[in-house]
Every structure is written in structure tokens, then in C-alpha cells.
Amino acid sequence: MQQEMRADEVLAAVLQPALTLVQESSNSEYEAIILPTFKTVFVAPKSIQATVALLENLHIILEKTPRDDIRTEVLPLLFNALESTTIQVQSAALVAVTNVYDYLDDITIKKLVLPKLKSVFEKNQSDLKIMGNVLQCVERTLDKLDKSQIIDEVLPLLLEVRLTDPDIVVRVVMCPTPSDSSMSLLQHVTL
């Protein structure tokens, strides 16, 4: 399987059984046997399908990856995917942010994720799926942002959302704040 993971043509097909191995392996087995192969996969060029598969299962990989390797080896895959020009990769990256939120510190959210979210938003305002994923990501990361960032960066983003789809309207209006999950973001900012 390690040889097949090095072949770009079959990588997407091999990832599902490889991810099952990640789940079933002990931490020491993962670190000694599986992680070295995955490290090469993280930095190598990949097909859209392989990238999406990795992003959709990033939370599984991060559960076993040592803390030191998370920042240097795994998270760059996520941050690069947020800059992708491919809608499928961007969408998977946005979902991955919500799934791996616990592995992202406040500074990473503020300095890397939020600017990339805003960029994805600006480039894809007409795509309802991307808009929904951006809003879900913003909602998930609010508690790691300070009030000034919410007012200066998130609120203007919410005000730019085209409110043509009922699901998008509900997400914008009902986006809870970290200080009071029953209060919407718009209500919180107006207080």
C-alpha cells in the first residue's frame, strides 16, 4: 500500500483503506509505519479526489499525529487547500476547518484561517454551498476571535452575504456568539 500511495494515479483509491489503517492502528504503529508515508503524501501534488479525501478525513489523521507534526506536516495541507482555485477542494477545506477546530489555536484562527475564509468568501459569493460552508466555519471559529475582530472582520463579511437562500439567511441571522449561544451574532454586536 505504501508503494501505491506514492503513485498519483491510484492515490485517491488507496486513501480509504489507508485511513482505515490509521483509525485501527495504535499511536506507536501510526507514528512508526503510517505517518512517514503520509508525510510524503501531504507535500506531494495530488488529484482533486485525493485532496478532498484527505481533507474530509483530516480529523482522523490529526487524532493520531503527534502535536509537533500537526503544525509542520498536516495543517499546511489544510491552509493550502483554502487557497485552491478548485471549488471541491475549497469546500472540503472549509468543512475540514470545522472538523479540526480543536487542533487550531486562537492565533492560527485569527492570522491564517479568518483571512483565508474571507478570501474564499470573496471569490465564491455566488456559490451557495461554499457560502454555507464559509458561514459554518465562521460560526465554529467565533469563540476564538475577540470582539474587535468579530466587529471589524466577521460582521462586514456577514453583511455582504447575499440573502437569497433561506438556509443562508438562517445561518446569518441565527449565528450564535461564543458568549451566549442563544444570542445571535447580530444581536450581540448591536448590544
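By convention here, the first residue in the shown sequence is residue 1. For the numbers below, each heavy atom of this structure counts, side chains included, while hydrogens, waters and symmetry mates do not.
Using a distance-only test at 3.5 Å, with no hydrogens or angles considered, no donor-acceptor pair links the side chain of T108 to the main chain of L104. Put simply, the side chain of K123 never gets that close to the backbone of F121: no donor and acceptor are under 3.5 Å apart. A donor-acceptor pair under 3.5 Å is absent between the side-chain atoms of E4 and the main chain of V14, judged by distance alone. In this structure, the side chain of T20 engages the main chain of Q16 through a donor-acceptor pair within 3.5 Å. Checked by atom type and distance alone, the side chain of E24 never pairs as donor or acceptor with a backbone atom of L21 at under 3.5 Å. Looking at T86, its side chain never comes within 3.5 Å of a backbone N or O of V89 through a donor-acceptor pair.
Heavy-atom minimum distance, M1 versus P17: CE-CB, 3.7 Å. Closest of all the heavy-atom pairs between T72 and P76 is O-CG, 3.6 Å. Considering all non-hydrogen atoms of both residues, V22 and I61 come closest at CG1-CA, 4.4 Å. Counting all heavy atoms, side chain and backbone alike, K46 lies closest to L54 at CD-CD1, 3.5 Å. The minimum heavy-atom distance between L75 and Y103, with the atom names listed, is CD1-O, 4.3 Å. The shortest heavy-atom contact between L155 and I151 is CB-O, 3.6 Å.
Comment: K111 does not engage D105 in a salt bridge, judged by the lack of any side-chain N to carboxylate O separation of less than 4.0 angstrom.
Annotation: salt bridge (Lys or Arg N to Asp or Glu O under 4.0 Å) contacts involving residues 72-98, sequence neighbours excluded, comprise E83-K116.
I48 and V43 are members of different hydrophobic clusters when ILVMFWY side chains are connected at heavy-atom separations under 4.5 Å.
No side-chain donor from either of S84 and Q90 sits under 3.5 Å from a side-chain acceptor of the other.
Annotation: salt bridge (charged side-chain N to carboxylate O under 4.0 Å, His left out) contacts of D146 (sequence neighbours excluded): K110. Residues that satisfy the ring-ring contact (aromatic ring centres under 6.0 Å, His included) test with F42, not counting sequence neighbours, are F38. Remark: Y30 pairs with T65 by the side-chain hydrogen bond (donor to acceptor under 3.5 Å, both in side chains) rule, at least two apart or across chains. With sequence neighbours excluded, the residues that form a salt bridge (charged side-chain N to carboxylate O under 4.0 Å, His left out) with K118 are E153.
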Report all side-chain donor-acceptor pairs from residues 91-102 shorter than 3.5 Å, counting only partners two or more places apart or in another chain.
from, atom 1, to, atom 2, distance (Å)
S91, OG, N133, ND2, 2.7
T98, OG1, V95, O, 2.6
Y101, OH, D143, OD1, 2.1
Y101, OH, D143, OD2, 2.7

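Residues L82 and S119 form no side-chain contact, since every pair of their non-hydrogen atoms from C-beta on lies 4.5 Å or further apart.
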